[in-house]
Number of protein chains: 2
Amino acid sequence: MISEKISQIKKFYYKHKRLPSYAEMLKIFGLSSKKSIYDIVYKLIDVGLLKKEGKKLAPTTKFFSLPVLGLVKAGFPILADETRDYLSLDDYLIEDPQSSFLLRVSGDSLVEVGIFEGDYVVINKTKTAYPGDIVLAEIDGEWTLKILRKDQQGSPYLQPANPRYPPLYPKLKLDIFGIVKAVIRKLRN
Amino acid sequence: MISEKISQIKKFYYKHKRLPSYAEMLKIFGLSSKKSIYDIVYKLIDVGLLKKEGKKLAPTTKFFSLPVLGLVKAGFPILADETRDYLSLDDYLIEDPQSSFLLRVSGDSLVEVGIFEGDYVVINKTKTAYPGDIVLAEIDGEWTLKILRKDQQGSPYLQPANPRYPPLYPKLKLDIFGIVKAVIRKLRN
DNA sequence: TAGTATAGTAAACATTTGTTCACTTTGTCA
DNA sequence: TGACAAAGTGAACAAATGTTTACTATACTA
């Protein structure tokens, strides 16, 4: 069964962060001829999980991706092979790994936009910020995560997303360090 | 400068989903002797970004990870090498890729727990659900995403996280298909 | 300015790689 | 039962891999 082999290769990949070589696949699958591996590999290429660049074997995006289902009101969200939508989280969330980092959120000043204490936000430090963006900013010497706004005069200020907190107008200076690209929350261990 | 080489290797990895071979690194770095590559590779192993298993080269978890910063009230969130906290999103969010999938959220029945229309949720279909978990369930033939609760008699029902919607008590049957392990929201392209 | 560590070169190497060939075993179903 | 496709074997192969050696250029520092 080919799907077993896929699972085994994925397990290997998640453990070793690389694909197994032919020799290693021999062990994994309990086979003894490299030709068998060769055949399996090309089956996996046909299926679209692996690809070749010259002689080098590499996983495709599909290899890493989870199936994405839509919630149809009546009837189960389509599961099996019918779905052609796959998403790799790392790819989806972090376009520019070199200039991104994660920030653990403290405080409840952004609850209304669905950002809670303990959530992680992906911050990108290169992109330009526009009004409406959630930004990591230094306002009068203090670092904070808020919504960027502009008043009638076009001067920027910071707005919480929680009725209990007032907007923050900079007395001296307001520096935008990066903008929030994504929000990540883990619910259960 | 070693950090440039790190960037270049990371770029290659994010593009090809595999590490470059020595021959490919020669091109990338503009060098002409494999010994130079050999030295660089072992420098990267020392730094903890790569590792060797036998002869095989593989990236470490650190290779994929983003630095995690904490927001200190006064003073900038520590950036550089002081921080030893790194997080790989794929690893963090999806413990069990084989039995997980993504679901695109439709509707606003969970806004109070910070799950909005258009968000992605990671669903794990093997874990047992407990009251308080957000679950993907089939209630009387309809699929939905709600909070699992139990009434005084211990019978399960589904509760939205939005005051505008009432709790759902199953007339015929309530099947839990999976539980929400994580919430993912992308804010900007 | 001389001395020394660092970074790079070039060639040679044993291994391991992926690939191909001809052949055998296994299982299916008509 | 027999025929045929699918799956596996084992050996042979060129090409590419990572490693080692000895030597040279570059840059730093005392």
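Numbered from 1 within each chain, the chains take letters A, B, ... in sequence-line order.
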On DNA chain C, compare the nucleotides closest to B:S36 and B:K56; which residue's is nearer the 5' end? B:S36

Just how far, in rounded Å, is P of C:dT16 from NZ of A:K55? 18 Å

Measure from NZ or CZ of A:K186 to the centre of the six-membered ring of B:Y92 and say whether it is under 6.0 Å with the direction within 45° of the ring axis. yes

Output the rounded distance in Å from CD (A:E53) to P (C:dG18). 14 Å

What is the distance from CG of A:L50 to C1' of C:dG18, rounded to the nearest Å? 14 Å

Measure the distance from CE on A:M25 to P on C:dT16 and round it to the nearest whole Å. 17 Å

Hey, is A:E24 close enough to A:R18 for a salt bridge, meaning N to O under 4.0 Å? yes

May I ask you to say whether A:R149 pairs ionically with A:D151, meaning some side-chain N is under 4.0 Å from a carboxylate O? no

Using OP1 and OP2 only, check whether a side-chain N or O of A:Y42 sits under 4.0 Å from C:dG18. no

Would you indicate what A:S32 reaches in the nucleic acid, counting non-hydrogen atoms under 4.0 angstrom: base, sugar-phosphate, or nothing? sugar-phosphate

Using atom CD1 of A:I28 as one end and atom C1' of D:dG8 as the other, report the distance to the nearest whole Å. 18 Å

Taking the nucleotide of DNA chain D with the nearest heavy atom to each, does A:K34 or A:I40 sit closer to the 5' end? A:I40

What's the closest nucleotide to the A:A23 side chain, out of C:dG8, C:dT17, D:dA7? C:dT17

Rounded off to whole Å, could you give me the NZ-to-P distance for the A:K35 and D:dA12 pair? 17 Å

Decide, yes or no, whether a salt bridge links B:K35 with B:D39 under the criterion of side-chain N to carboxylate O below 4.0 Å. yes

Would you kindly give the NZ-to-P distance between B:K27 and D:dA16, to the nearest whole Å? 11 Å

Please tell me which of the listed nucleotides, C:dT17, D:dA7, C:dT19, lies nearest to the side chain of A:S21? C:dT17

Please confirm whether B:R185 makes a cation-pi placement over B:F116, using NZ or CZ under 6.0 Å from the six-membered ring centre and within 45° of the ring normal. yes

Side-chain contact check for B:S33: nearest option of D:dT19, D:dT17, C:dA10 is C:dA10

Of all the choices, C:dT19, D:dT17, C:dG8, which nucleotide is nearest to the side chain of A:Y22 once you look at every atom? C:dT19

Separation of A:L19 atom CG from C:dT17 atom C1', in whole Å? 14 Å

